[in-house]
Amino acid sequence: MLELLEPRYDHRKTEGEIYKLWEKSGYFNPDNSPQMGADINADKRGYKISANRRRNPRKSTFCIIMPPPNANGSLHLGHAVFITLQDILIRFWRMKGRKTLWLPGADHAGFETQVVFDKKLDKEGRNRFEIPREQLFKEIWEFTQSNKKIMEEQLRKLGASCDWSREKFTLDPDIVKIVYQTFEKLYKDGLAYRDNRIVNWCAKHQTTLSELETKYIEREDPLYYIKYGPLELATVRPETKFGDTAVAVNPKDKRYSKYVGKEIEIKTLLGPAKIKVIADDAVDMKFGTGAVKVTPAHDPNDFEIWKRHENEIPAPKKVIDQYGRMDLSAFSDNEKSKRYHGLKIADARKLIEEDMEKEGLLAKIDRNYKHSVATCYKCQNVLEPRILRQWFVKTKPLAEKAIKAANKITFRPESGKKVYLHWLKNIRDWNISRQIVWGIRIPAWYCLSCSEPSINPDVKSRWFLVRHGETDWNKENRVMGHADISLNQTGFDQAKDAAKKLKIYNIDLVITSDSARCQQTAEVIRKETGAEIIIDENLRERSYGEVEGMDREELFKHGRKPYMYENKYNGGESYYDVEQRAWKAFSSHHLKNNHKNVVLVTHGGTIRMINKRIKNLDPKEALSRPSIKNAEIIQLDMLEPCKKCGNHFYEQDSDVFDTWFSSGQWPFATLLASGQSSKLKVWRSNIEHRTSNDFKTFYPTDVMETGYDILFFWVARMVMLGLYTTGKIPFKNVYLHGLVLDKDKIKMSKSKGNVIDPLGVAEIYGSDALRIALVAGNTAGKDIVISEDKIRGYRNFATKIWNISRFILMNKPGRNNSKKPGGSIVKLTAADKKNINELKKIKAKVGRHIERYEFHLAAETVYHYVWHNFADKIIESYKPRLRAYSAEAAASAAKAGQSYGGQARLSAKEESDAAAAYSTLETILIECLKMLHPFMPFVTEAIFQKIRAGGFLMMEEW
RNA sequence: GGGCGGCUAGCUCAGUUGGUUAGAGCGCUUCGUUUACACCGAAGAGGUCAUAGGUUCGAAUCCUAUGCCGCCCACCA
């Protein structure tokens, strides 16, 4: 520990050590707070407890759930801001005597992390779409875990006094369980539903996004006026014209009323066509020509129009695929469509413009048309609306309650409430499905036979259909059938890969066809998983009789029979035959082993037939499905039989939840999952939720402190989901801080590369300096412009505090003198009392400011007092009184030839006055340290340790 | 189109229900080795608080309009 001799405070030599002391003390954990009525001088672990603290045992609680930083990178200054603000509140209320919990966590940050990881893969020349789900998940898991560790260390460096023993990650099993239960409850209450709707699709990221994840940007695009039979209409997207299903006009528009309800003849690039004219209020008579093409598959408004006219006009016609390319497969019998099929949208538009011009279909083009387009907030690419089956949360009922609850929440700044209410009042249903791997997989299983969903079920067991590995005959495209061919080396390798993937599922049993290629594959899997093995000849491949052993050419020469259900070769079987024996075998194994995790190793044809039965496919469909690769695994999850059709086999939704769906449950999920858990509690809707002591003690929490940029994303959703699940608002106060901007006033973000590393500046100037610099001069809701100069200024303040303390402690009676002051009489003078009184007023003021969340005023008040009052005026005025104790004074007296007889020459009055002076200064110092502690915890604790070793400033009575 | 915020010292920002000489950090000027601190102390310069009206004994603060800057929400065929 740094000695007081040093004229400058060195944060490098103290901060780490101080944090370790705090952590070791266990006082971040509210369970270790001195207990009510404790009649001891030290707590159970031997730390000193001040008399004041004993008189004021913990009465009430104070809890903040830390906004979990994204575990996909390191902390930036924005994090430092919230750490500081929250730590100020936590330390203040802890000193005030509340039982205080600050619960830390980390967010898996689904899409955000996926994007970060995609970039990493890109650098490595890889691509997430080529990596199997499990492997990709595992890699991202490891990536986030190592980031998480770094982040935790960074939080420690910044002095965060959070309870690490309660730390949570959004993918912790107990959190996921609670998220699942909430989803199940929403489903049962009819508030979560699955529907085919038009959603925002990012072709780059290959996933849908919610409204909040879109960013509208202003753009200039040509506006094409197209001739549509007798009408003319305006569009910026001529390439979607192929998907038009109607033309809409305003019902009041007299110009077009004669066409309404009728079909008009139009000329298109694909030839003549007929299209119906409908009337809809959404059409603006004043825009363009007042007539609009309706393309429900590729435009949200048109989709709505179609919904309103579902019975009058055809269903949406898809003409653009998921990669943002023209998909005219619906027009495959039209030769002209080939010209555009497969083109990127931009290229197609250009070509179509040219062609329309040639065909005389264009009336005019407005080249200066300005409009805004929805883009992906991450990659800025234009979003392509697509119709997709997604899970949605019906938000209106949730929002209504959140609106009513608004008057029970105090917003800082106050304007936050207005913004919050406005958003809730205009809320739309929330798409919570994301087509990425990284996240909480949606706990919806669909019956493989009838598609009936089952939400959050118990999976009894998992069955895997595995095709055998490769043989030389596979390679040579020879018909195998019952021919007993062994695996080649590739085949063994494939089997090994499959076995590794299966290993994580605790396989109990391997059932295999008796063909060598299957037995060999099964044996590899058995070895890897340690499962039992059963051989069953009824799982054999279809017998091809006389054509077995032929390659493609030979088979063709011999006369290939169409790939049909009933066909068979001489001496061979039909698919129908295979289905009969294989299904019989499969059923009997299933009957006996449905509680076990089973791998069934068999053949392509056999798998097709088993699939046919499970999925209730017609023969043509069963045979036309894409071929099954060697060693390919098909997973079947076994649930309670489907209520609708009795089938046992299900597959899970492949999508994951929008991160904010789980984050929205963070306050109650963390508290339910932390601390000692107690019995299960039944909430509304018959869903069991565990409750916990922490939940009972700390929920609702006191403050939600976060950036205003996630007011909708997070705060509003926490209120909605918190109210829905627990019936209570998750927090009483919302404090919204501004964004930290760089010197050019641009938001700091990793993608822009303008982040300032807070740990870097903390390393140079100290965490204390950084913390108070982020607080001083900053108010709720306003953006923060931080400069190094400012931080340096507050570093100087830390040095000032250090020197004030150093000076006072140097004058401690008995420190430099051989003799202690004679009497113990400390009689305060009028000036002492006045100074202490003034101090009390300052302290009350600072406390009041913190209680009102006026951190900047608190910081400035204490700063001004300590430096310009205490140091510049009070200490200066006390110097003559302290002189009596000084060794230097003795020395200078000796120099002057006087015999300085120590205290012998001091009168009792002088002695007492000096003692009073010291006592007053020490009192003020300690109070100043307390006031400063929430803002600058390290330097203040380091000094306190010099004064009262064995105790903690952190735990002193404010 | 709707809403919100800002415009205060050279720079970055405070200024709590309207009340005496409008504050902080950095920068600037002059002076200063005094029981700690030069990462310091003392003294000082610097602001018609965006503009124009209004309410008031009194306005940076409340009201109305205007300008510029920024943000959010919604629609855009």
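Just so we're on the same page: letters track the sequence lines, and every chain starts at 1.
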Is Tyr863(A) touching bases, backbone alone, or none of the nucleic acid, heavy atoms closer than 4.0 Å?
sugar-phosphate
Against the six-membered ring of Tyr863(A), is Lys800(A) placed for a cation-pi contact (under 6.0 Å from the centre, within 45° of the normal)?
no
With a distance cut-off below 6.0 Å to the six-membered ring centre and an angular limit of 45° from the axis, does Lys215(A) pair with Tyr377(A) as a cation-pi contact?
no
Indicate, with a heavy-atom threshold strictly under 4.0 Å, whether Thr235(A) touches base, sugar-phosphate, or nothing.
sugar-phosphate
Check the distance between rU12(B)'s C1' and Leu739(A)'s CG and give it to me in whole angstrom.
17 Å
Within the 4.0 Å heavy-atom criterion, would you say Ala871(A) contacts the bases, only the backbone, or no part of the nucleic acid?
base
Side chain of Lys790(A) only, please: which of rG15(B), rG25(B), rG41(B) is the nearest?
rG25(B)
From the set rU35(B), rC4(B), rC40(B), return the single nucleotide nearest to any side-chain atom of Phe807(A).
rU35(B)
Does Glu854(A) reach a base, just sugar-phosphate, or nothing at all? Heavy atoms under 4.0 Å.
base
Would you mind telling me which of rG15(B), rC75(B), rC37(B) lies closest to the side-chain atoms of Leu857(A)?
rG15(B)
Output the rounded distance in Å from CG (Asp299(A)) to P (rC75(B)).
11 Å
Expressed as a whole number of angstroms, how long is the span from His868(A):NE2 to rG41(B):P?
7 Å
Is there a donor-acceptor pair closer than 3.5 Å between any side-chain N or O of Asp768(A) and the backbone N or O of Phe938(A)?
yes
In dot-bracket, 5' to 3', how would RNA chain B read with Watson-Crick or G-U wobble pairs under 3.5 Å, [ ] for crossing ones and | for pairs to another strand?
((((((((.[[[[.)...(...]]]].(((((.......))))).....[[[[[..)....]]]]])))))))....
NA contact type, Lys370(A), heavy-atom cut-off 4.0 Å: base, sugar-phosphate, or nothing?
nothing
Please state whether the rings of Phe797(A) and Tyr794(A) are parallel, tilted or perpendicular, taking 30° and 60° as the class boundaries.
perpendicular
Looking for any heavy atom pair under 4.0 Å, which part of the strands does His864(A) touch: base, sugar-phosphate only, or nothing?
nothing
So Leu711(A), base contact, sugar-phosphate only, or nothing? Heavy-atom distance under 4.0 Å.
nothing
Any side-chain N or O of Arg428(A) below 4.0 angstrom from OP1/OP2 of rC75(B)?
yes
Any base atoms under 4.0 Å from Thr289(A), or only sugar-phosphate, or nothing? Heavy atoms, all strands.
nothing
For His422(A) and Ile791(A), take the nucleotide of RNA chain B holding the closest heavy atom to each; which residue's nucleotide lies nearer the 5' end?
Ile791(A)
